[in-house]
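Working notes for the structure below.
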Amino acid sequence: FGVPIAPPMLLNSNAVDDSGNDYKPCVAGDGQGHWVAVWQSNDSLGGTIGTDYDILVARSADGGNTWSAAAPLHAYAATDAAWDREPTVATDGVGNWAAVWSDSKSILCVRSTDHGATWSSPAAVTIHSATDRLSDRQAQVITDRHGTWLAVWHRSDLSHFQPYRGILTARSMDAGATWSDSIPVISTPGYGGNYSQPFPATDGLGTW
């Protein structure tokens with residue numbers, strides 16, 4: 001309608017010379033000019049972290065016009081060997097941010113109160129042993145901006161002859177510091193279906 005559209009710009013400023021692959025970006029804004037973007041990458045950030053897939057973060061304080069340098073979302077990115085993937089991020093608009101992702105086995109969450117400049121140590125939304133055959137992936141996180149946060153994800157359990165696949169959810173009332181026990185939203189025993197790619201929504205008034 002006559003409004004000029006700016007050309008695409010590089011969100012990760014190291015894109016020109018990095019050697020990694022970047023996938024699954026997610027961005028959230030607080031309505032006050034602050035934006036936080038997260039994505040999975042096997043870029044080593046100049047050898048400061050490993051070449052396995054980790055979660056990177058960048059932030060903007062001017063409505064997305066400029067972005068900070070990419071940085072690891074969690075402090076152990078230099079030493080872990082897990083395949084971290086599929087991150088999402090959300091904010092309540094009053095200073096709290098939460099990001100969740102999968103390390104293939106479990107769903108983890110970190111929090112920030114400074115618009116993504118620093119992040120807490122990961123808290124387990126779900127956690128499994130190294131020997132079980134449970135796999136949690138495709139996590140999403142949202143908030144009603146009134147203190148309730150919801151995570152949903154896809155779980156596969158191949159530990160039985162008839163495998164289980166379903167969508168699970170957990171709730172946090174402290175911006176992702178702790179999480180309730182997970183409960184199934186929908187599930188199927190055996191080969192009756194394969195539920196995946198969950199996406200939650202809320203009206204902010206108690207309905208999800």
Side-chain angles (χ1 to χ4, degrees), residues 11 23-40 54-64 67-68 70-75 77 84-128 136-155 166-187 195-208:
L11 187 151
Y23 296 108
K24 302 287 184 179
C26 181
V27 64
D30 63 0
Q32 302 169 48
H34 302 107
W35 293 84
V36 172
V38 294
W39 65 96
Q40 74 179 62
D54 290 303
I55 307 303
L56 302 185
V57 60
R59 57 196 175 91
S60 173
D62 56 10
W67 292 85
S68 67
L73 187 66
H74 49 83
D84 300 307
R85 64 178 82 186
E86 301 161 341
T88 59
V89 62
T91 179
D92 59 9
V94 293
N96 296 304
W97 302 73
V100 301
W101 73 93
S102 167
D103 67 357
S104 297
K105 292 289 291 182
S106 306
I107 304 300
L108 302 174
C109 175
V110 292
R111 302 174 297 123
S112 177
T113 57
D114 54 12
H115 310 299
T118 60
W119 294 87
S120 68
S121 297
V125 182
T126 68
I127 196 75
H128 305 303
D136 289 336
R137 290 188 54 191
Q138 302 170 348
Q140 298 277 341
V141 63
I142 61 169
T143 175
D144 61 3
R145 298 200 168 197
H146 299 296
T148 302
W149 299 69
L150 197 74
V152 297
W153 63 92
H154 161 84
R155 172 173 290 175
I167 305 301
L168 279 76
T169 183
R171 184 178 66 167
S172 175
M173 305 301 292
D174 52 16
T178 60
W179 291 87
S180 69
D181 291 338
S182 58
I183 59 173
V185 176
I186 189 169
S187 61
Y195 300 107
S196 62
Q197 306 289 346
F199 193 88
T202 179
D203 61 6
L205 302 173
T207 300
W208 302 73

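- With sequence neighbours left out, the side-chain hydrogen bond (donor to acceptor under 3.5 Å, both in side chains) criterion links Trp153 to Asp136.
- We find the CG-NE2 distance between Asp62 and His34 to be 9.5 Å, quoted to the nearest 0.5 Å.
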Next item on the list: Decide side-chain contact (heavy atoms from CB on, under 4.5 Å) for Val89 and Val141; before the verdict, give the C-alpha distance in whole Å, the side-chain angles of both, and the deciding distance to 0.1 Å.
Entry: CA-CA 7 Å; Val89 62; Val141 63; 5.8 Å; no
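- Among all heavy-atom pairs drawn from Ala77 and Asp54, the shortest one is O-OD2, 3.3 Å.
- To the nearest 0.5 Å, the span separating OG1 on Thr202 from CG on Leu150 amounts to 8.5 Å.
- Rounded to the nearest 0.5 angstrom, Arg171 CZ and Ser180 OG are separated by 6.5 Å.
- By the side-chain contact (heavy atoms from CB on, under 4.5 Å) test, Arg59 pairs with Val36, Ser68, Ala117, sequence neighbours left out.
- For Asp203, the side-chain contact (heavy atoms from CB on, under 4.5 Å) partners are Leu205, Thr207, not counting sequence neighbours.
- Under the side-chain hydrogen bond (donor to acceptor under 3.5 Å, both in side chains) criterion, Ser112 pairs with Asp114, not counting sequence neighbours.
- Heavy-atom minimum distance, Ala70 versus Leu56: CB-CD1, 4.4 Å.
- Using modelled atom types, no side-chain atom of Thr143 and backbone atom of Asp92 make a donor-acceptor pair closer than 3.5 Å.
- Here Ser106 contributes atom OG and Arg137 contributes atom CZ; the two are 13.5 Å apart, rounded to the nearest 0.5 Å.
- Between Gln138 and Ser102, the closest side-chain pair of non-hydrogen atoms is not below 4.5 Å.
- Counting heavy atoms from C-beta on, the side chains of Ile55 and Pro87 come closer than 4.5 Å.
- Interatomic distance, CH2 of Trp149 versus CH2 of Trp179, reported as 8.0 Å (0.5 Å rounding).
- When all heavy atoms of Val152 and Pro198 are compared, the closest pair comes out as CG2-CB, 3.9 Å.
- With contacts defined as side-chain heavy-atom distances shorter than 4.5 Å, the pair Asp30/His115 qualifies.
- When atom types are taken as modelled, the side chain of Thr91 and the backbone of Asn96 share a donor-acceptor pair closer than 3.5 angstrom.
- Applying the side-chain hydrogen bond (donor to acceptor under 3.5 Å, both in side chains) rule to Arg85 yields the partners Ser104; only residues at least two apart in sequence or on another chain are considered.
- Partners of His74 by ring pair (Phe, Tyr, Trp, His ring centres under 6.0 Å), not counting sequence neighbours, listed by chain and number: Tyr76, Trp101.
- Side-chain contact between His154 and Gln197 is absent, with no heavy-atom pair separated by less than 4.5 Å.
- Of all heavy-atom pairs between Val100 and Ala139, the closest is CG2-CB, 3.8 Å.
- For Ala90 against Ala28, the heavy-atom pair with the smallest separation is CA-CB, 4.1 Å.
- At least one donor-acceptor pair under 3.5 Å links the side chain of Gln32 to the backbone N or O of Gly93.
- Pairing each heavy atom of Gly176 with each of Ala123, the nearest pair is O-CB, 4.0 Å.
- Side-chain atoms of Thr148 do not come within 3.5 Å of backbone N or O of Met173 as any donor-acceptor pair.
- In this structure, Thr88 and Val38 have side chains that are not in contact, with every pair of non-hydrogen atoms separated by 4.5 Å or more.
- How far CH2 of Trp119 is from OG1 of Thr113: 10.0 Å, rounded to the nearest 0.5 Å.
- Surrounding CZ of Arg145 are more than 12 heavy atoms belonging to other residues, nucleotides or ligands, all under 6.0 Å away.
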